[in-house]
Every structure is written in C-alpha cells, then in structure tokens.
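Note sheet for the following structure.
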There are 2 protein chains.
Amino acid sequence: MKKLKLILQIAKNGAIGEKTRITLRELAKELGVSPQTVLRWLDELEKDGYIARTVEGKKTSIELTDKALKYLEELYEELSKVLYQGVIIGEVVSGLGEGAYYVKQYTPLIKEYLGFEPYPGTLNVKIIFPKTIFDALCNVKPILIPGFVKNGRTFGDVKAYRVKINGIEGAIVIPSRTIHPPKIAEIIAPVYLRKELNLKDGSRIKLKVIG
Amino acid sequence: MKKLKLILQIAKNGAIGEKTRITLRELAKELGVSPQTVLRWLDELEKDGYIARTVEGKKTSIELTDKALKYLEELYEELSKVLYQGVIIGEVVSGLGEGAYYVKQYTPLIKEYLGFEPYPGTLNVKIIFPKTIFDALCNVKPILIPGFVKNGRTFGDVKAYRVKINGIEGAIVIPSRTIHPPKIAEIIAPVYLRKELNLKDGSRIKLKVIG
DNA sequence: ATTACTAGAGGACGAGTAT
DNA sequence: TATACTCGTCCTCTAGTAA
C-alpha cells in the first residue's frame, strides 16, 4: 500500500481537522488505482488508526486522525533536517564585473567583520539546490556588515554568511534590503577562487554553510 | 520499490552534494531489506536518474542527482502546503483564571484593534496540531496590540491572530516577547465560548486562522 | 454508491549460486 | 564485497460478481 500517497491525497481533500465527503471512485481516480484497491487501502489505514471513516449514504466521510497528522509532520521534519543542513549546490557563472567594485569599497569592513582580506571580485554561483538559498541559510545567523556613505554615495548594509568551498573559507554576501532570495549567490574569499579551484563557467561547486 | 524511503536513507548517509561510500549490506540493514533488494532498487533509481553510482572496490559510491533533490524538495513543499494551511486542532483545558484579569486591562485596545468587545476571560486550548502553533501562524501577519503602562504596571505588546471557531470570530493572543511557541493557546472572543459552543475540558476544537 | 468475496495475472522479495 | 542470474513464494492489484 502506498500509505504516504494515500494519506496525502486524503489530506488534500480537506480531511485535516474535519471530515471530508468523497466517493471511493473519485479517490481511486485521483490516485490512479481501482476502487477496490482504495477500499482495501482505506481498510488498512483504518485498522492501523490513521483515519476515521463513516459511510454516509453513497459517499464516505474520512478524517485523518492525530496519528496520521503526526506521521505527516514527522516526515516533514525529517525532510527538513535532511535537506537544509547548510549544503548549497550551484554552478559557476559569469558576473557583470560589478562585484570587484563593491568588494573594494567594503574591503576594510570585510576585514573587520569577517577577518580576511577579500580578493577583489566575487564568484557568481547560480543556485541549483536548495530551490531558494534562504532555505539553506534560515538556520544561520548572518554577520551584519553595516553600510556607510562614501563620496556622497550610499552603500547599504550587507549580510554575510560564512561558507566553505572545497576547504577554503569564504562568505556569501547578500545586500540586506534584498527580499526575494537571489538566484545568483555572490561569494567572496581571501583568494581568487576561479584560479585556486580551477573553476570555469558551468563548473559545479558545493558550498558548506558554517553555522 | 519504496523510492522515498530509499532516497531518504541515502540522503541521511550524506549523499547530498557529494558522494557517500557505503556497502549494500549496510544500506540493506538500515532499510530492513535484503542486499539483493537494495541492489535492485539502486538499479532502478539509477535507471530513473535519481542517483549517480560508481563501484569503488568493495564499496559503492552514491550521490543523489538534482532530480532526487528536486523530488525531495517538492514533497517537502507539498507537505508544507497540506499541513500548514492555518488549521489548528486543540483540546480545551482549564486556565489559571489569570486570563480574565488581562483581558479586562486590554479591553479598550482589543476593541480598537480587533473590533469586538471581548468576553472577560480566555479559552485555553492545548495544541494538538500542528506540533508548534507557530507553524500554523507563520504565514499570517499578526495584529500588533501595543503595550501600555497602567497604575505603574507595564503591560507588554500582544500579538493577535484572527481565528474562527465553529463560525465564531475570535483571536489567539500571544505576548510579543514570547519566543518559544506556547503549548497552550489563549483565545478571546466576543462571546463566552465555553457556553456558546458547549465546551468542556477535553473538548476538541478546531481553529481556522483567518489570513 | 460501498462492501465483500472470488480468481488470475503480475510483481516484488529473498535465497541460492556464480563471477 | 558488488553484480547477475535463476527460482519459488508470497503479496498486491485488477476485474468480475454479488449483496
């Protein structure tokens, strides 16, 4: 029996916290199996205490029990633990060359807050995993590099997250005012990463967030 | 084949973003099946593009592909959608009677910010689902009821979340300085919920968060 | 419409053996 | 150890029938 698939489908039909009325045929269609199979599956789920079921006329009323909700929640937690442990996978891409300019402006602050003199340039990495980079960073407290004004120009706050790239310590830097997670992460490091790690456009790299 | 179980187990062995070296016997033991079955399963996963595999001496090196990571992430998202749609299930419990005192102090503000005159007392609900109430509330913006000082005593900010209980509109109130999610939610409403809904200690209720 | 039984087909499993 | 094959068993599904 595909327990997860079935419970999930029942949940989608609104059986959390209240009964949902549905025919076995509908469920069968949604699941791509025969009504007989659904019946057998529901019998099993009921026997194992995952659903409460009553037949009302031609339809069946189903409600997920606490056990089923706990089951889904535990899976959710397990997935979250496995997926978001601070590993980021990405692909090296070309930047616009702006990075170097900004890194130069922030250099003294980077030294102060991160403890290394950055190579004047950023490594641009297109994020492949996780879907949104914030998922990998949400459990880590960023290092806030404060903004400043120079020659009448404003440089905003920047959030830095320490990462390791093939053993080399560096940081992901994100402007603080960014709301939507960037698809491209900008990496700074004390060395020229492209040369040091022999990276080319399209090279795949793994960033390990240091929490 | 139990695809999810297998992929999850491989992920647990650290196969995200890097290869993990493991013997089939170990995997088989972890999964509670025979090594033959694991071999067959891995063949399938490889054929379907979920893993990259190379045999190194006596051990096998496995790495999850992007497809597998996407598969896990999509399941994670689906679970999150199904689980945290603003439904809260709980059980009515007895409070310490403090609620009434506080509700009286905040009454003018509750009227101003929530638009109803609260019954002088709170309904205390032990949270059964979700595990932490914040999971159900994280997608909703709270209404901030500002604190005040009265007779030399400080009353702090309170966050209020509108909810519906069996059709009656009310709100969950949580002191702003609370960090850990409370196991007991305090509900205010324009009516005496216990009487109105015929609730007793142990009664099960469903709160629908209004987002 | 659900439920309850059949019968038959197909699939998955584990054991054994061999490379 | 992994891999590859066979074989017999058991399980699950579907379809048909009936209440």
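Keep in mind that this is a model prediction, so the values were computed, not measured. Within every chain, numbering begins at 1; the chains are lettered A, B, ... in the order of the sequence lines, protein sequences first and strands thereafter.
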Polar atom pairs (N or O), protein with nucleotides 3-5 of chain D, under 3.5 Å:
residue: dT3(D); atom: OP2; partner: Arg53(B); partner atom: NH1; Å: 3.3

Next item on the list: Measure the distance from NZ on Lys29(B) to P on dT1(D) and round it to the nearest whole Å.
Entry: 11 Å

Margin query: Can you measure Lys5(B) atom NZ to dA12(C) atom P for me and round it to whole angstrom units?
Written below: 16 Å

Checklist line | Heavy-atom pair with the smallest gap, counting every atom of Val140(B) and Tyr161(B) | finding: O-CE2, 3.9 Å

Item checked: Phosphate-side-chain proximity, Trp41(B) and dA12(C), N/O vs OP1/OP2 below 4.0 Å -> no

Notebook entry, point to check: Which residues pass the salt bridge (Lys or Arg N to Asp or Glu O under 4.0 Å) test with Asp48(A), sequence neighbours left out?
Noted result: none

Check: Where is the tightest heavy-atom contact between Lys200(B) and Val92(B), given as atom of each residue plus distance?
Finding: O-CB, 3.4 Å

Notebook entry, point to check: OP1 or OP2 of dC13(D) less than 4.0 angstrom from a side-chain nitrogen or oxygen of Arg40(A), does that happen here?
Noted result: yes

Checklist line | Residues in salt bridge (Lys or Arg N to Asp or Glu O under 4.0 Å) contact with Lys111(A), at least two apart in sequence or another chain | finding: Glu117(A)

Check: Roughly, in whole Å, what's the span from CD in Glu56(A) to C1' in dT3(C)?
Finding: 16 Å

Margin query: Whole angstroms only, please: what is the CG-P distance between Leu6(A) and dT12(D)?
Written below: 14 Å

Check: Starting at CD1 of Ile22(B) and ending at P of dT1(D), how long is that distance when rounded to a whole Å?
Finding: 13 Å

Notebook entry, point to check: How is Arg25(B) classified with respect to the nucleic acid when contacts are heavy atoms under 4.0 Å: base, sugar-phosphate, or nothing?
Noted result: sugar-phosphate

Item checked: Partners meeting side chain to side chain contact (heavy atoms under 4.5 Å, CB included) with Glu169(B) (sequence neighbours left out) -> Arg162(B), Lys164(B), Ile210(B)

Checklist line | For Tyr192(A), all residues meeting ring pair (Phe, Tyr, Trp, His ring centres under 6.0 Å), sequence neighbours excluded | finding: Tyr119(A)

Margin query: Any carboxylate oxygen within less than 4.0 angstrom of a Lys/Arg side-chain nitrogen, looking at Arg53(B) and Glu46(B)?
Written below: yes

Check: So, Glu78(B) and Lys12(A), do they make that salt bridge, N to O below 4.0 Å?
Finding: yes

Notebook entry, point to check: Lys2(A) has an atom NZ; how far is it from atom C1' of dC13(D), in whole Å?
Noted result: 11 Å

Next item on the list: Figure out the NZ/P separation between Lys47(A) and dT3(C), and round it to whole Å.
Entry: 16 Å

Next item on the list: Using five pairs at either end of the helix from dT2(C)-dA19(D) to dT19(C)-dA2(D), determine the angle between the two local helix axes and round it to 10 degrees.
Entry: 30°

Notebook entry, point to check: What is the distance from CD of Glu46(A) to C1' of dT3(C), rounded to the nearest Å?
Noted result: 12 Å

Next item on the list: Look at the aromatic rings of Tyr50(B) and Tyr71(B) and report parallel, tilted or perpendicular, splitting at 30° and 60°.
Entry: perpendicular

